[in-house]
Q: 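Have a look at the structure that comes next, please.
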Amino acid sequence: MKYDFSSIEKKWQDKWEEAGIFHASDDHTKKKFYGLVEFPYPSGAGMHVGHIKAYSGLEIVSRKRRMQGYNVLFPIGFDAYGLPTENYAIKTNTHPRIVTDRNIAKFTQQLKRVGFSFDWTRVIDTTEEGYYKWTQWIFRKMFDAGLVFRATTLVNYCPSCKVVLSNEDSQGGKCDICHSDIVQKSKDVWYLRITEYADKLLNGLEEVDYLPNVKLQQENWIGRSEGAFVNFKIKDTDDTLRIYTTRCDTMFGATFMVIAPEHPIIEKYADRISNLDALNNYKAECAKKTEFERTQLVKDKTGVKIEGLCAVNPVNGKEIPIFISDYVMMGYGTGAIMAVPAHDERDYDFAKKFGIDIIEVIQGGDISKEAYTGDGEMINSGFLNGIKTKKEAIAKMLEFLSAQGVGEKGVQYKMKDWAFNRQRYWGEPIPIIHCPTCGMVGVPYEELPLRLPDMEQFEPGEGGESPLAKIDSFVNCTCPKCGGAAKRETDTMPQWAGSSWYFLRYCDPHNDKEFASKEALQYWMPVDWYNGGMEHVTRHMIYSRFWHRFLYDIGEVPCEEPYAKRTAQGLILGPDGEKMSKSKGNVVDPNDVVDEYGADVLRVYTLFMGEYGSAAPWSESSVRGCKRFLDRVAALTDMISGEGVTPKLESAFHKTVKKVSMDIEDMKFNTAIAAMMSLINEIYDVGSLTRDELGIFVRILCPFAPHICEEIWETLGNEGFASLAAWPEWDEEKTVDATVTYAVQVNGKLRNTLDLPKDIDKETALAAAKADAKIKQFIDGKTVVKEIFVPGKIINVVVK
RNA sequence: GCGGGUAUGGCGGAAUUGGUAGACGCGCUAGAUUCAGGUUCUAGUGAGGAUUCCUUCAUGAAGGUUCAAGUCCUUUUACCCGCACCA
């Protein structure tokens, strides 16, 4: 067969589309498979080969599942709200709607050329009214449930994007989008109370099948810690200073306290404090720094002692000084700590610098040199003296604290509430109305979607105000509760909103009564297998798990967890081994590869290049190797002789079918392809194969290289599509050879190999080995001290 | 600093989980075909030494356990990713 890939690929893509063979069926009686890939952000640059690899993994699994008779939902869509589009729109003076539509068209064209088996009737665009109506609807439900609140805080503000960013979006003190420096700014911010779901999000991990490191990252992100809240009396007041600690066992060693510079206690007792100016100066210094900068100065601790206030250690009545320092942050715990320099490195550094007492309460270290954080016997600790373990000491102390009424067990999370608004145009409008009499009122459900108004000038306003604030007709409205004049919220939602529930919409994407019907959700959810990038396993996955668990709690979805299984693909690096980026000029465009080698080659190569989960550099010459492989596959049509089984190939076929079948389940696509390459080498050695054997070969290769396989399938005279043909079975017995090659070792060194019957027993095998002329050389005249026989693998004779 | 990971030929990478290290592909060498060739086919290809079937050394480095270690243990180096004073 002549392998004219460009005409073959066009031909079959048209046929698939015409027959609609990849559309998920509404027949809910069939067994289902829901494979989900992260939908792309349709940027102006178009897709690069990394996208192709990201989708190829579950593309293979989905195609295999179809051939195994599953009803498969393998959808795609576009996460199209976002800053890059808006910035591009501003720069080129084109409406973001037009930019978005253009980019989606480009992405769609690229994806279709690769022959992905997506269900194109279920495409989602998060910026369409029919979609964001339900994004707003879920937000409103959260508002009703009290999960939405507003607070004035210091926020990370990007002066270049003119937008407030979450901590997650401003990591490293740089804007996630434009990489300019972040400044701190006081602002009214919308929050989603995700912390209320911290425990549920943590516990839910027990019932899902995520990669171990994905689970670990989510656990670390949530950051649950168990400890105690303790109230330290402030001397000569009725007030207490409340702290959080995970080491209440060390309380006898607390020699000072540290509070965050912003701690309200300073203002409250301003009249007693004699060095208020010094404190305020220090606070002003800290405010200039971003949170990131504050965390930079690891060793050299700074701080100021509060003159005029002092605290009382509740376990021994000792009076201890209070300091302010930026190593304690208002955002975690209570914004105040007890400092135990002997057993905490940060406190140790601070105490050394300020000449504060260091009292050892746990034996085992040398506190003259450094803090000791390990276990040991308690000393200088009153009723804890003599206790040998941390665990025991903590339990005893907690008992004491609660008996005295000065403290109790507590839990803290690193995870913070989710700052959920942007002062930008290209996002979902937040459906809230501010009424002077009623306060914050949700836009009535029947008025959703709250449409994003069309406008010409969508630059952000000065001071980071949303462009929507400029449209009077949008802002001015009546309060749905009291009917009085009111104003609309003008902020929009962050990009994370649309992607927090898209997997639900795929189940029933055209529904205009509900975000998805109960029947569709009941059938399709949860997602059976979700694959995507490691960069999304914390933020996106935790946000979307949060939304989903909320919907479960209000009875809108049938299962607690949205994703039954999660895997991740590795990056494709540029030919230079660097991360692909436009600025480095090392981006490979899938269209170029398809033009030159064909879609099937692109698909095979992205999966063959290395382990699916790890990064690997692009290599043009290796692409050619994959082309050569498919050329050899095409030529098999000229090697057919007869029907049935070629004896010399029978075992090889069963082995390969087994290996490919199993490797796909483990995402070991590279070795699956290698196995098919080996098989084709064997076929070439034999020189011919039967019509039936070629049919098997084509079916196991079909998920990887579907176009060429369809063409050969047709050449073989089959009716219907290879893509829907039954996945081949293997016979376990025929994967085992009659004879096995044993490695024969003397003293653990390989000396010869012997072909022996597969079910040979130990005695016979050893006799055969010892009778072998080569082995004889090594054992003659020596005494055999040990004989090892591993069935099917190795014979080892140990001699002296 | 803490947590996780990786390290195997000239290159990308295999290795049934403790059992013949280097599958498969690239690249390279030689030959045939073509001789317009980023064509196709055949053979070879970890390094060193003897060259006819022989042998020694090799999985970042150094030790150890074992009949047997890329795989397990200890120490160590380099790189990558995540988190960042979390009390």
Side-chain angles (χ1 to χ4, degrees), chain A residues 171-172 212-213 216-217 219-221 223-225 227-228 243-248 250 257-258 291-292 294-299 301 325-329 331-340 344-347 349-350 412-416 534-535 537-538 570-571 573 577 596-597 604-605 608-611 613-629 631-632 635 659 662 668 670-681 684 741-754 774 785-799:
Chain A
Q171 285 177 24
N213 56 338
L216 194 70
Q217 278 198 36
E219 278 165 17
N220 290 341
W221 189 268
R224 181 190 157 97
S225 89
I243 62 115
Y244 177 72
T245 179
T246 53
R247 293 297 307 275
C248 66
T250 63
M257 303 189 77
V258 186
E291 194 164 331
F292 182 73
R294 276 175 67 165
T295 66
Q296 287 297 79
L297 313 156
V298 175
K299 271 288 159 195
K301 295 278 182 287
S325 174
D326 61 359
Y327 83 92
V328 172
M329 262 147 302
Y332 185 80
T334 59
I337 63 161
M338 65 165 190
V340 184
D344 182 284
E345 283 170 36
R346 296 151 301 174
D347 298 346
D349 294 339
F350 193 90
Q412 279 292 304
Y413 300 93
K414 286 186 207 173
M415 188 166 71
K416 294 172 185 166
M534 277 310 285
E535 69 275 20
V537 303
T538 48
L571 292 174
L573 306 173
E596 196 163 352
Y597 302 100
V604 169
Y605 177 64
F608 181 64
M609 58 195 301
E611 200 188 349
S614 357
W618 186 264
S619 158
E620 176 93 18
S621 54
S622 291
V623 176
R624 264 179 247 133
C626 292
K627 174 69 164 59
R628 213 166 287 161
F629 168 56
D631 284 339
R632 281 160 72 85
K659 174 125 186 89
M662 297 189 18
K668 291 167 81 172
N670 53 337
T671 50
I673 293 166
M676 289 186 280
M677 287 173 167
S678 290
L679 177 59
I680 211 167
N681 289 343
Y684 270 68
T741 305
Y742 277 85
V744 184
Q745 301 178 334
V746 178
N747 288 349
K749 285 205 170 182
L750 180 72
R751 293 304 176 186
N752 202 2
T753 58
L754 288 176
K774 262 197 202 159
V785 291
K786 202 166 183 182
E787 292 170 333
I788 287 121
F789 173 75
V790 182
K793 282 176 182 155
I794 211 155
I795 298 162
N796 189 8
V797 182
V798 186
V799 295

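Per chain, numbering begins at 1; letters A, B, ... match sequence-line order. Because the structure is a prediction, the values reported are computed rather than measured.
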Q: Check the pair A/L571, A/M534 against side-chain contact (heavy atoms from CB on, under 4.5 Å), reporting the backbone distance first and the verdict last.
A: CA-CA 9 Å; A/L571 292 174; A/M534 277 310 285; over 6 Å; no
Q: Look at the side chain of A/Y327 and the backbone N and O of A/K301, then say whether any donor-acceptor pair between them is shorter than 3.5 Å.
A: no
Q: Checking base pairs now: Watson-Crick or wobble, both atom distances under 3.5 Å. What partners B/G82?
A: B/C2
Q: Report the residue (A/C626 or A/D631) whose heavy-atom-nearest nucleotide on RNA chain B is the more 5′ of the two.
A: A/C626
Q: Mapping A/K659 and A/L216 to their closest nucleotides on RNA chain B, which lands nearer the 5' end?
A: A/L216
Q: Can you tell me the pairing partner of B/U76 across any strand shown, Watson-Crick or G-U wobble, with both distances under 3.5 angstrom?
A: B/G60
Q: Can you tell me, in whole Å, how much space there is between the C1' of B/C2 and that of B/C11?
A: 35 Å
Q: What's A/Y605 touching, base or sugar-phosphate or nothing? Going by heavy atoms closer than 4.0 Å.
A: nothing
Q: Using a 4.0 Å heavy-atom cut-off across all strands, classify A/T741 as base, sugar-phosphate, or nothing.
A: base
Q: Contact class for A/E611 vs. all strands (heavy atom < 4.0 Å): base, sugar-phosphate, or nothing?
A: sugar-phosphate
Q: Kindly assign one of parallel, tilted or perpendicular to the pair A/F789 and A/Y742, based on the angle between their ring planes and the thresholds 30° and 60°.
A: parallel
Q: Using whole Å, report how far CZ of A/R624 lies from P of B/G27.
A: 7 Å
Q: Just call it for A/E219: base, sugar-phosphate, or nothing, with non-hydrogen atoms closer than 4.0 Å on any strand.
A: nothing
Q: Indicate, with a heavy-atom threshold strictly under 4.0 Å, whether A/D344 touches base, sugar-phosphate, or nothing.
A: nothing
Q: If you measure from the C1' atom in B/U59 to the same atom in B/U20, how many Å do you get, rounded?
A: 15 Å
Q: When all nucleic acid strands are considered with a 4.0 Å heavy-atom cut-off, which category describes A/S619: base, sugar-phosphate, or nothing?
A: nothing
Q: CD of A/E611 to NZ of A/K668: how many Å apart, nearest 0.5 Å?
A: 8.5 Å
Q: Just how far is it from atom CE of A/M609 to atom OG of A/S619, taken to the nearest 0.5 Å?
A: 8.0 Å
Q: Please pick, from B/C24, B/C86, B/C26, the nucleotide with the shortest atom-to-atom distance to any side-chain atom of A/R346.
A: B/C86
Q: Do you know the tightest heavy-atom contact between A/D347 and A/A339?
A: OD2-CA, 3.2 Å
Q: Rounding to a whole Å, what distance do you find between A/W618:CH2 and B/G13:P?
A: 14 Å
Q: Between B/C35 and B/G25, how far apart are the two P atoms, rounded to whole Å?
A: 28 Å
Q: If anything within 90° of 0 is syn and all else is anti, what is B/G9?
A: syn
Q: So what does A/A339 hit on the nucleic acid, given a heavy-atom distance under 4.0 Å: a base, only sugar-phosphate, or nothing?
A: nothing
Q: Using both distances under 3.5 Å as the test, list the Watson-Crick or G-U wobble partner of B/A30, or none.
A: B/U42
Q: Between atom CD in A/E345 and atom P in B/A84, what is the gap in whole Å?
A: 18 Å
Q: Measuring only the P atom in each nucleotide, how far is B/G5 from B/C54? A whole number of Å is fine.
A: 42 Å
Q: Which whole number of Å gives the distance between the P atom of B/C73 and that of B/U65?
A: 15 Å
Q: Just to confirm, is there a sub-4.0 Å distance from OP1 or OP2 of B/G4 to any side-chain nitrogen or oxygen of A/N220?
A: no
Q: Respond yes when some side-chain nitrogen or oxygen of A/R224 is under 4.0 Å from OP1 or OP2 of B/C86, and no when none is.
A: no
Q: With syn defined as a glycosidic torsion within 90 degrees of 0 and anti otherwise, which applies to B/U17?
A: syn
Q: Taking atom P in both B/G9 and B/G48, what distance in whole Å separates the two?
A: 15 Å
Q: Provide the distance between the two C1' atoms, one in B/A7 and one in B/G44, to the nearest whole Å.
A: 29 Å
Q: Using the P atom as the point on both nucleotides, what is the distance between B/G19 and B/U77, in whole Å?
A: 30 Å
Q: Begin from the C-alpha positions of A/N747 and A/V799 and carry the test side-chain contact (heavy atoms from CB on, under 4.5 Å) through to its verdict.
A: CA-CA 6 Å; A/N747 288 349; A/V799 295; 3.9 Å; yes
Q: Have a look at A/Q745 and say if it touches a base, only the backbone sugar-phosphate, or nothing, with a 4.0 Å heavy-atom cut-off.
A: base
Q: Looking for any heavy atom pair under 4.0 Å, which part of the strands does A/N681 touch: base, sugar-phosphate only, or nothing?
A: sugar-phosphate
Q: Please state how far atom NZ in A/K786 lies from atom C1' in B/U66, giving the value in whole angstrom units.
A: 8 Å
Q: Tell me which nucleotide, if any, is Watson-Crick or G-U wobble paired with B/C67 when both distances must be under 3.5 Å.
A: B/G19
Q: Taking only side-chain N and O atoms of A/Y244, does any of them lie within less than 4.0 angstrom of OP1 or OP2 on B/A87?
A: no
